[in-house]
Each structure stands twice: as structure tokens, then as C-alpha cells.
Protein chains: 2
Amino acid sequence: MATIAEVSKKYDISQATLRYYEKIGLIPPVPRSKSGIRDYDEKSCGWIELMKCMRSAGIQIEALIEYVKLFQEGEHTAKARKDILVDQRDILEDKIKRMQESLDKLNYKIDRYDTVIIPKMEKRR
Amino acid sequence: MATIAEVSKKYDISQATLRYYEKIGLIPPVPRSKSGIRDYDEKSCGWIELMKCMRSAGIQIEALIEYVKLFQEGEHTAKARKDILVDQRDILEDKIKRMQESLDKLNYKIDRYDTVIIPKMEKRR
DNA sequence: TTATCAGTTAGAGTATACTCTAAGTCAAGA
DNA sequence: TCTTGACTTAGAGTATACTCTAACTGATAA
């Protein structure tokens with residue numbers, strides 16, 4: 001049981017973003033005190049942790065919202081939920097592959113600056 | 001020497017995006033025919049290829065524009081250019097690491113659907 | 001010569017994902 | 001009681017990266 005301030009600090013996500021995530025359904029509704037103030041429990045924190053991880057990997061909010069929606073509809077949506085995860089896994093694998101290619105290209109270019117371009121420039125002085 | 005239509009097709013980048021990239025300086029100015037029509041040469045195509053790769057890895061346009069700007073200022077900017085590449089390489093490495101973590105988490109969850117959640121649900125029928 | 005078609009521009013519009021603002025509520029300490 | 005400070009909401013604003021629109025030009029085929 002934690003306040004929005006505590007959760008915001010713990011996960012380094014702004015309070016505005018935490019409210020936004022709840023509003024759009026990226027996480028299920030957070031329990032509230034009698035006066036309407038958010039009181040995050042274990043489950044809510046688990047969702048936040050998951051979404052922080054997924055979002056930091058660039059997984060689209062849209063797909064994650066669908067996942068949460070299905071989750072709240074109950075057990076019988078398990079297969080559909082798994083399908084979403086598989087789709088996103090494939091997309092992510094692809095992205096990582098492309099990024100690895102760019103990383104290789106960057107490293108190649110950096111090496112050329114070190115071994116060719118900068119030495120040549122220095123010699124000319 | 002190629003038209004914008006050919007280059008657009010070759011790299012699967014819309015003509016609008018090619019013009020946009022040139023306008024904001026993500027690629028150096030493309031040679032023009034006497035009537036002002038773009039006539040892409042080897043160099044221009046090389047820049048497009050590079051930027052397609054960098055952008056598909058999510059490298060910020062801002063940093064790439066700075067790189068192109070320095071490149072056009074001449075040889076003496078080599079060190080500054082290399083610094084940009086190194087910064088972006090470090091950012092990219094970090095991103096790949098985070099994405100790999102998310103990928104692992106996704107695969108773990110998918111496995112749980114296959115081995116626990118879905119079988120449990122099927123048994124209950 | 002006229003229409004068609006690919007090209008040109010500036011600038012407005014869109015999608016995604018926040019981020020901020022204004023106006024208000026509620027509980028606790030001075 | 002008053003004020004302070006953390007919380008609430010709806011809705012407007014922002015950043016990034018395109019994407020589209022309108023209006024125009026210039027070369028070529030009928």
C-alpha cells in the first residue's frame with residue numbers, strides 16, 4: 001500500500017505519467033482510499049513494473065492496453081493474450097536485429113575515424 | 001543519377017520523407033537538374049542508406065542532423081563527428097540491453113502461458 | 001496546343017506518448 | 001480556523017517524426 005508519490009519515486013515515473021497510464025488503461029484501476037486517493041498495492045506495482053519494462057523496450061501502448069483489457073475480462077482470454085505477447089515478441093526481436101546492425105555500422109564508422117580519418121587529418125598539419 | 005521516384009522505391013522511403021530529410025538537413029542537398037528536379041547521385045544515395053539504417057535503429061534525427069552539418073563544414077570537424085557517433089553508439093548499446101531484457105521477460109511470460117495458464121484453463125472445462 | 005504526369009514548394013495536419021495547467025478537494029499541523 | 005501541501009480531474013499543450021494538401025512548374029505524348 002503506497003501513495004502515488006512513493007510509487008513515482010520507486011519506479012522513476014512521473015505522477016502525471018502514472019495517472020495517464022491508469023486513465024488510458026495501460027494498467028488496471030488502482031485501489032483508492034475512501035477519499036479517492038490512489039493506494040497502490042502489490043498487484044498495481046507489478047503492472048507498473050511490467051509496463052515500465054515493456055515501454056522502455058518501445059512496445060506500443062496500444063498493444064499493451066489490449067493485453068490489459070483482455071486480462072480484466074478473465075481467464076478465457078488467455079490465448080488471445082498470449083497471441084499479443086507473441087506478436088510483440090516477434091516485433092521486438094526484429095527491432096533488436098535492426099539495432100544490432102546499426103550498432104555494427106556505428107562501430108565500423110567509429111573505427112574508421114580512429115584509424116583513418118583523424119590520423120590523416122593530423123598528419124596534414 | 002536517379003529520380004526521387006526511383007530512390008523512393010529502391011529504399012522504400014516515401015518521396016515526402018526524402019524531401020523532408022533533405023529540408024531538415026538529415027542528408028546534404030541533393031544535386032538538381034537545370035529545372036530544379038532532384039537527381040540523386042551515389043553520394044546522396046549513400047547518405048540515404050546510412051540514415052535509413054540509423055533511423056530504423058531509433059537514433060534521434062537531431063543528432064544525425066548535427067553530424068551532417070559538421071560533415072559539410074569540412075575535415076576539421078572529424079573529432080566532433082566521431083564524438084557524436086560514440087555518444088549515439090553508447091545510447092544504442094543501452095537500448096539494446098533494455099530491449100533484450102524485455103525480450104527475455106516476454107519469452108518467460110509466453111512460456112508461462114504455454115506451460116501453466118492455458119493448460120490450467122483447458123483442464124477446467 | 002493541350003492535357004497529363006512527375007516533379008516542386010511552403011506550410012498545415014496527424015500520430016504517439018506524454019506533460020502541463022487550472023481548478024478544485026481533503027487531511028493535518030499551527 | 002486557517003493554511004499548507006499532496007492529492008484529484010478534465011482537458012489543453014508539447015515534442016518528435018513524419019504525412020498530407022494546395023498551388024504551381026516544366027517536359028512530353030496525342
Can you list the residues that meet the ring pair (Phe, Tyr, Trp, His ring centres under 6.0 Å) rule with A:Y11, with sequence neighbours excluded?
none

Nearest-Å distance, NZ (B:K34) to P (D:dT25)?
18 Å

A:I24 CD1 - D:dT9 P separation (whole Å):
14 Å

Under 3.5 Å, is there a donor-acceptor pair between the side chain of B:E101 and the main chain of A:C53?
no

Where along residues 85-103 of chain A does a heavy atom fall under 4.0 Å from DNA chain D?
none

The criterion is salt bridge (Lys or Arg N to Asp or Glu O under 4.0 Å); which residues satisfy it with A:E66, sequence neighbours excluded?
A:K69

Is there a side chain to side chain contact (heavy atoms under 4.5 Å, CB included) between A:S102 and B:L92 once you walk through the steps?
CA-CA 9 Å; A:S102 301; B:L92 188 54; 4.0 Å; yes

B:P28: partners by side chain to side chain contact (heavy atoms under 4.5 Å, CB included), with sequence neighbours left out:
B:W47, B:V68, B:Q72

For A:A5, give me all partners under side chain to side chain contact (heavy atoms under 4.5 Å, CB included), at least two apart in sequence or on another chain.
A:T3, A:Q15

Output the distance between atom CD1 (B:I84) and atom CG (B:L64), rounded to the nearest 0.5 Å.
8.5 Å

Quick one, give me the B/S/- string for nucleotides 6-19 of chain C, reading 5' to 3', where B means a protein heavy atom under 4.0 Å from the base and S means that only happens at the primed atoms, P, OP1 or OP2.
-SBB-B-----BBB

Walk me through whether B:Y21 and B:I48 qualify under side chain to side chain contact (heavy atoms under 4.5 Å, CB included).
CA-CA 9 Å; B:Y21 280 179; B:I48 289 161; over 6 Å; no

